[in-house]
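In what follows, a single structure is set out as structure tokens and then discussed.
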Amino acid sequence: MNVASGQLSREQAIRETVYRSCMALDAEDFSAFLDLCAPDLEYTVTAFSPEIRKEMIWLEQDLEGMRALLEMVPQHLKRLGTLKRHVSVYLIDDGNDGIAKVTSSFIVTHTDPQGRSQLFVAGTYCDEVDCRGERFLLRKRNAHLETRDLGIGSHIPI
Amino acid sequence: MNVASGQLSREQAIRETVYRSCMALDAEDFSAFLDLCAPDLEYTVTAFSPEIRKEMIWLEQDLEGMRALLEMVPQHLKRLGTLKRHVSVYLIDDGNDGIAKVTSSFIVTHTDPQGRSQLFVAGTYCDEVDCRGERFLLRKRNAHLETRDLGIGSHIPI
Amino acid sequence: MNVASGQLSREQAIRETVYRSCMALDAEDFSAFLDLCAPDLEYTVTAFSPEIRKEMIWLEQDLEGMRALLEMVPQHLKRLGTLKRHVSVYLIDDGNDGIAKVTSSFIVTHTDPQGRSQLFVAGTYCDEVDCRGERFLLRKRNAHLETRDLGIGSHIPI
Amino acid sequence: MSARNAEAWRTLPNVPPTHVVSGEVYTDHGIFVAEKERIFGRCWHLACHESELPNTYDFRTFDYVGTPLIAVRGRDGIIRTFINVCSHRGAKIIHEPAGNAERLTCFYHLWSYDDRGACVDMPRPEAYHGVGLTKEDCGLREVRTEAFLGLVFINMDDDAPDLTGYLDGALDSFAPVLGSGELEVFHYNQSILHANWKAWQETNLDLYHEWMHVLLRRTQMKAASMESRVVKALKNGHTAAGGLKASYEMYKGMAKRDTDMALPGLVPDDFFFADIWPNVAILARGTAIRIDVVIPIDEQTMLVEWRGLGRKGDTAEQRRLRMRHHNQYWGPFGRNVPEDAFASEACEAGFRGGAAAYQILAREENGAGQDDGMMRAWYAEWSRRTGRSAAQPTAAVAAE
Amino acid sequence: MSARNAEAWRTLPNVPPTHVVSGEVYTDHGIFVAEKERIFGRCWHLACHESELPNTYDFRTFDYVGTPLIAVRGRDGIIRTFINVCSHRGAKIIHEPAGNAERLTCFYHLWSYDDRGACVDMPRPEAYHGVGLTKEDCGLREVRTEAFLGLVFINMDDDAPDLTGYLDGALDSFAPVLGSGELEVFHYNQSILHANWKAWQETNLDLYHEWMHVLLRRTQMKAASMESRVVKALKNGHTAAGGLKASYEMYKGMAKRDTDMALPGLVPDDFFFADIWPNVAILARGTAIRIDVVIPIDEQTMLVEWRGLGRKGDTAEQRRLRMRHHNQYWGPFGRNVPEDAFASEACEAGFRGGAAAYQILAREENGAGQDDGMMRAWYAEWSRRTGRSAAQPTAAVAAE
Amino acid sequence: MSARNAEAWRTLPNVPPTHVVSGEVYTDHGIFVAEKERIFGRCWHLACHESELPNTYDFRTFDYVGTPLIAVRGRDGIIRTFINVCSHRGAKIIHEPAGNAERLTCFYHLWSYDDRGACVDMPRPEAYHGVGLTKEDCGLREVRTEAFLGLVFINMDDDAPDLTGYLDGALDSFAPVLGSGELEVFHYNQSILHANWKAWQETNLDLYHEWMHVLLRRTQMKAASMESRVVKALKNGHTAAGGLKASYEMYKGMAKRDTDMALPGLVPDDFFFADIWPNVAILARGTAIRIDVVIPIDEQTMLVEWRGLGRKGDTAEQRRLRMRHHNQYWGPFGRNVPEDAFASEACEAGFRGGAAAYQILAREENGAGQDDGMMRAWYAEWSRRTGRSAAQPTAAVAAE
Ligand code: FES
Ligand code: FES
Ligand code: FES
Ligand SMILES: [Fe+3]
Ligand SMILES: [Fe+3]
Ligand SMILES: [Fe+3]
């Protein structure tokens with residue numbers, strides 16, 4: 001057991017940046033989420049349509065856009081129940097420039113108000129974590145969805 | 001590749017304590033599970049009811065209670081098939097006191113006797129791992145469930 | 001934050017070998033998959049039948065067998081849509097012989113051509129990663145399936 | 001005779017018709033339709049406990065056999081229930097299980113209803129004036145609501161007899177505890193079970209099935225004599241059982257329950273229960289009360305709601321212990337209720353495809369021990385309500 | 001009057017029968033069967049946009065009310081549609097949503113069809129000669145296909161009037177943009193929604209529901225006067241609305257749309273739409289067009305397809321911006337369409353179990369503002385096609 | 001003629017009515033009900049192989065068209081089958097797929113049955129004496145069970161002719177291998193497939209479909225001449241095919257099978273099969289035997305069970321190789337069976353919504369090559385059993 005207590009490895013700190021961002025969205029704690037984001041955030045949700053054979057960008061926001069969007073969520077009529085992002089960080093490409101490219105696999109489950117859960121979306125996150133500051137920050141996320149039928153959709157980004 | 005072969009990082013050892021506890025419950029190998037638990041174990045399963053707007057504790061056991069409960073499982077009429085806890089350790093807060101607080105996301109699948117699997121429960125583990133001894137031990141677990149409709153329920157803790 | 005930028009821990013490198021192999025199969029990028037395999041690859045898919053109370057080997061291939069099998073996939077009439085292996089590495093037993101035994105939990109989701117996803121298979125990988133060379137390679141995999149009803153089955157190994 | 005052939009298997013046993021129930025009551029679609037109309041359309045149904053709506057404008061929503069309902073505590077303190085559906089274009093109005101709202105505002109076009117179900121606002125109402133429609137025409141559908149001992153019941157039938165007459169004393173044994181005003185719901189969960197709804201009621205009415213539960217074999221069967229039990233068939237199909245005791249310490253890992261945890265009017269090792277026809281069971285162990293409500297979804301699927309009631313004034317420590325008392329028997333991870341749920345689904349598996357022809361309710365123990373009298377009483381009321389013999393339910397149907 | 005009792009709730013309001021629609025149109029199985037036959041078996045259906053089949057031998061497959069279809073662009077450039085089912089043993093032939101194939105070869109026994117639907121090859125055909133069967137007998141079933149303004153329509157009824165007559169000018173307002181030849185589909189998604197298919201059309205026809213959308217309350221309701229709106233009932237049940245405007249910058253996080261992003265013939269803040277009976281809506285905002293097509297699956301389930309159309313010649317940057325314009329309102333993560341989907345499912349929840357008796361379509365604003373005229377026109381055609389009054393649809397059915 | 005219009009598509013081809021099967025046989029509910037009663041209620045059904053119950057008191061449970069069954073090897077070594085449902089209150093008794101139990105004890109009230117189906121114990125039985133009920137009245141329902149060549153068949157019809165007469169020599173070609181006493185089941189899996197149950201049988205009866213399998217195109221089509229094949233229609237709807245060969249080494253990654261792996265009475269490159277009406281196929285390749293059993297769930301859903309049989313005395317190495325031989329063709333990750341399953345579901349997709357009107361079974365090759373004779377024979381028996389013409393199955397139904 002070669003790492004002393006009380007220390008977080010850099011790799012784990014990178015992973016936790018990704019995981020915390022998902023936990024914040026799960027909890028709909030948007031200010032916690034925004035607090036984890038770098039000022040130059042680029043957030044996209046994409047999917048490929050085999051019907052029209054084209055890649056689609058279903059959501060694209062920078063930090064200000066994300067802030068505005070999340071601020072308005074409570075005024076919208078949104079999907080009932082809760083979403084839970086179940087993520088596994090796969091690859092960490094920790095570049096010499098202090099930016100780590102992180103690839104993760106995710107499954108999102110939806111639990112309805114009656115407490116019944118089902119698989120909602122499966123996909124892959126391709127993220128960048130900015131490791132240059134005191135705190136590691138989410139700088140870029142592409143959520144690429146396998147699932148394209150989202151039922152009534154979602155006001156909250158995946 | 002900076003870590004020598006044959007060594008397990010402290011972080012991974014912490015993770016493995018969580019994972020092994022789940023594998024033991026999956027296998028219904030209760031003695032293996034109990035062997036991973038610290039003497040001061042606190043195990044709770046909780047859920048929030050939006051119907052009565054209250055947090056509920058659905059199961060609460062210390063080590064002796066857990067031992068008694070698991071010992072009696074074979075005499076009960078329990079859910080058929082197998083459960084599989086699919087866990088991803090998210091956060092490791094490795095305190096200076098030798099106690100690591102570990103947060104994990106989990107999905108449990110149920111496979112019926114005919115071999116068909118479905119999502120059973122989604123939730124979050126908030127664990128404490130005692131890292132002070134030769135072996136790391138599970139000292140505290142709160143399994144907080146998103147899913148509240150568990151069908152016929154379960155004699156084995158999640 | 002005790003690990004310098006730009007370095008990948010040995011443990012993470014082991015994990016990534018497992019994860020990359022799954023991502024390559026997800027993408028049906030078979031040459032990428034084979035490129036991750038050691039020359040002495042042993043790949044098995046197993047399941048236990050409670051009906052006949054026997055362990056079954058549903059697929060068994062060495063590297064050449066796997067190459068031949070994957071090469072022929074495009075000529076077969078295979079399941080539509082995409083599979084996504086959602087994996088969490090649990091245990092890393094990094095032996096002194098340069099072979100790491102890795103245990104992972106997995107859930108595979110299937111997304112049909114209309115973009116609807118569902119749980120396809122749950123199971124456990126017991127892998128061996130050969131860490132002796134420049135690149136870490138998958139040397140052994142046993143995919144043990146909990147799920148035994150695979151619908152129409154799969155031409156691509158899980 | 002040992003095993004039976006097809007003909008013998010299908011032949012009703014030579015017992016009184018009151019002592020046998022055909023498998024068709026689980027599976028026949030016509031029976032299910034009749035149950036929805038004649039039973040669930042006319043009987044009082046336990047919607048919730050008043051502690052779920054402690055404050056003015058608190059609401060609870062729930063689905064009752066396909067009808068979305070909402071119970072609201074009005075500014076006068078009275079709980080009223082409405083069909084939770086908008087008068088305008090039929091949308092379900094409120095979607096949260098519980099909350100607080102002075103006005104119920106439909107999300108779709110913002111029509112708004114007050115705590116009496118009156119439509120009090122709509123955007124641009126003048127467009128309806130051409131055809132003479134005003135908000136006065138657009139009130140919600142109110143559903144009869146009456147409370148008894150803190151239990152809030154509803155009835156879809158505007159002409160049904162009132163609740164007190166319907167219950168007719170069936171909850172007398174619960175009056176001290178339920179009527180104490182000191183109780184609140186601390187536990188709620190619900191499950192879809194894959195069985196006909198009556199299978200759940202049977203688990204509650206069938207004393208003989210304590211053989212299934214290792215927990216009851218240890219804590220209950222010897223805690224009091226079989227002879228001291230009292231099984232009663234009451235009016236309107238209701239039933240009750242008493243004279244049972246529990247020795248909790250007989251099951252490893254459980255402990256005797258202390259007197260200071262007892263609920264008002266109860267002693268810790270008491271166990272008694274009542275069944276309110278058609279779909280409610282109330283069980284009292286000394287330190288916690290469980291209430292089951294079952295609703296059919298289709299012939300082979302039901303929704304069961306479980307509530308746990310305890311003392312409002314519990315300290316945090318007491319509440320934690322009370323949850324444990326409740327849940328070690330009755331929670332989703334309890335030792336008992338999951339077995340009952342298993343049994344319900346196992347009976348469904350027997351009846352669904354017609355493999356089982358009937359079930360036998362022929363135990364006679366003079367209203368003590370493990371007498372099947374409660375089940376027979378329940379099915380007698382079922383026969384009266386549906387106009388069908390439970391033994392031969394598709395033979396002929398009596399008019400109402 | 002405030003709340004209503006059961007009888008008052010079930011009584012149709014005192015408005016013209018054209019102004020009220022019974023809940024039965026959502027739930028009655030006989031009505032659903034009639035809709036499949038009389039509506040979906042006879043009306044023109046928008047299958048795809050011609051840009052989805054840009055090249056010779058490109059194909060698109062889709063399911064139309066249970067029938068697998070395939071549209072193919074032939075070597076003559078003409079798009080034809082066939083039932084995507086093999087003449088031999090009935091297998092669905094092509095399983096990918098889109099692709100390119102000179103011949104459609106059935107995977108099962110390798111029978112092969114050309115771009116005209118002729119069976120041009122089968123292995124070992126001589127085994128059929130004994131009974132006189134040859135590949136000439138084995139062509140695919142061709143389904144009538146006509147294109148208008150780039151929209152490819154099909155009709156299962158070989159005797160239906162032609163497409164131009166059917167549309168009868170309903171798409172006139174779209175002619176400049178759709179007829180420009182400069183458009184292509186850049187967005188496609190589909191969802192199963194748990195509601196009767198008509199609930200989706202209602203969201204598109206109901207101007208009054210802009211109250212639901214905070215986005216429309218901010219960007220649309222004050223962008224132009226209610227009086228300037230024009231709501232039109234056209235021939236054959238089609239409808240159209242115009243005179244709407246959008247002030248995009250009024251919603252935080254959105255921006256005014258620049259003129260250089262406008263599609264041919266449109267200005268950026270334009271908003272108008274047309275509804276092609278029975279199941280298509282086409283909506284034009286200045287910089288993107290949305291097309292909805294809805295198909296029933298059963299009484300309480302539908303499939304909705306959403307397409308987004310933009311300019312073929314977009315730069316990468318323009319395309320990215322256009323996707324954003326489209327998706328911020330209309331994508332699966334948009335602010336509007338998920339609310340419409342929510343509303344559809346909420347109405348279904350009201351009607352499914354019979355809780356809601358009817359919906360009111362009684363707004364009269366002289367064809368402006370938030371007049372319900374489009375919905376009334378849609379149901380008038382529904383009545384004509386099904387031979388049933390929408391207010392009392394199970395009362396009596398007119399012969400065709 | 002190339003493509004066809006609606007009328008031509010629906011018109012039956014000009015071939016004998018024996019050579020065409022209407023799509024209605026897949027979709028009509030009345031036909032499904034008739035199949036359950038007239039076919040599955042009366043024919044012998046392969047429940048398991050005797051090696052699945054090697055020891056006294058071994059049991060196997062399974063579901064047969066909605067009826068839970070349990071096969072038990074009694075203390076006399078004989079396998080008997082019972083409805084796995086309790087005589088008391090109808091619960092399914094045993095829930096594990098396989099096990100060993102001297103007595104079958106129902107979990108619910110602990111009634112207990114012996115290996116002959118006699119009820120031998122119940123708690124507190126005296127409570128039934130008042131109405132004269134004793135455990136002697138409460139035996140299980142025994143279902144007729146007969147074994148042939150190690151195959152255990154059951155029949156729900158107490159009056160059906162016996163198994164030997166039913167099979168009438170159809171398994172003669174399998175007698176050496178199945179009758180050797182040296183076989184055991186080493187592979188079992190089951191899947192729900194989304195297709196009518198007959199679609200699975202069709203994949204097994206249709207020789208022409210080897211064109212679908214690249215594996216068969218390589219290893220089978222040229223391994224022996226088409227003329228050397230023998231396709232036989234036997235009594236009672238059974239069929240058999242022989243004269244096929246396999247050149248395994250022709251598929252990359254596979255190898256010639258060695259003689260020492262051959263099962264008793266077989267040579268390694270042999271391939272022949274028999275189909276036992278209505279729902280069993282037995283396929284022998286030299287080193288492994290596959291047995292399929294298909295059971296309908298509803299019109300559009302089936303359960304298929306696949307077994308693999310090998311030599312009991314295999315070394316571990318031989319067993320591993322035998323599993324490979326079996327699974328490379330036939331396992332869930334095999335090259336062949338997943339394609340057959342795909343095909344079944346693709347035909348269902350064609351028939352389900354009525355898109356396909358019929359299928360053509362008109363290949364005549366003098367009982368060799370790729371003759372459709374086996375399918376025609378199968379449907380001839382289907383017509384005889386159901387009293388319906390397969391070509392026009394809803395036209396008129398013959399009495400039994
Ligand atoms: S449906 Fe409720 S306001 Fe219109
Ligand atoms: S079903 Fe298409 S070729 Fe036979
Ligand atoms: S149901 Fe089997 S013992 Fe009662
Ligand atoms: Fe019980
Ligand atoms: Fe809208
Ligand atoms: Fe095949």
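In what follows, every heavy atom counts, from backbone to side chain, and hydrogens, waters and symmetry copies are set aside. We name chains A, B, ... by the order of the sequence lines, and we start the count at 1 in each one.
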Is [X] in contact with chain F via its backbone, its side chain, both, or neither, using a 4.5 Å heavy-atom distance?
X      : result
D/W211 : both
D/N14  : backbone
D/Q370 : both
D/R352 : neither
D/T203 : both
D/H19  : side chain

inquiry  = Here's one to test your reading of the geometry: is the NZ or CZ of D/R335 within 45 degrees of the ring axis of D/Y251 and under 6.0 Å from its centre?
reply    = no

side-chain hydrogen bond (donor to acceptor under 3.5 Å, both in side chains) with F/W197: of F/E299, F/Q300, F/E35, only one passes, and it is F/E35

Under 3.5 Å, side-chain donor or acceptor atoms of residues 63-72 of chain F against the rest of the protein: list the pairs with distances, not counting sequence neighbours.
from, atom 1, to, atom 2, distance (Å)
F/D63, OD1, F/G66, N, 3.0
F/Y64, OH, F/F40, O, 2.7

Among D/V20, D/D340, D/D206, the residue with the most heavy-atom pairs under 4.5 Å to chain F is D/D206

From the list D/A356, D/G350, D/A6, D/A355, the residue making the most non-hydrogen contacts under 4.5 Å with chain F is D/A6

Among [options], which residue has the highest count of heavy-atom pairs closer than 4.5 Å to chain D?
options                       : result
F/C106, F/C86, F/S87          : F/S87
F/E142, F/R144, F/R141, F/K92 : F/R141
F/H95, F/K36, F/R80           : F/H95

Check whether any side-chain N or O of F/E345 sits under 3.5 Å from a backbone N or O of F/H194 as a donor-acceptor pair, and report yes or no.
yes

| query | Any donor and acceptor pair, going by atom type alone, linking the side chain of F/S191 with main-chain N or O of F/L193 inside 3.5 Å? | reply | no

Self-check item: Crowding at CD, F/E126 (>12 non-hydrogen neighbours, <6.0 Å)
Solution: yes

Could you check whether the rings of [X] and [Y] sit parallel, tilted or perpendicular, using 30° and 60° as the cut-offs?
X      : Y      : value
F/H45  : F/F62  : tilted
D/W382 : D/Y379 : perpendicular
D/F273 : D/F271 : tilted

Okay, F/I83 and chain D: the region with an atom under 4.5 Å from a heavy atom over there is side chain

Okay, F/Y113 and chain D: the region with an atom under 4.5 Å from a heavy atom over there is neither

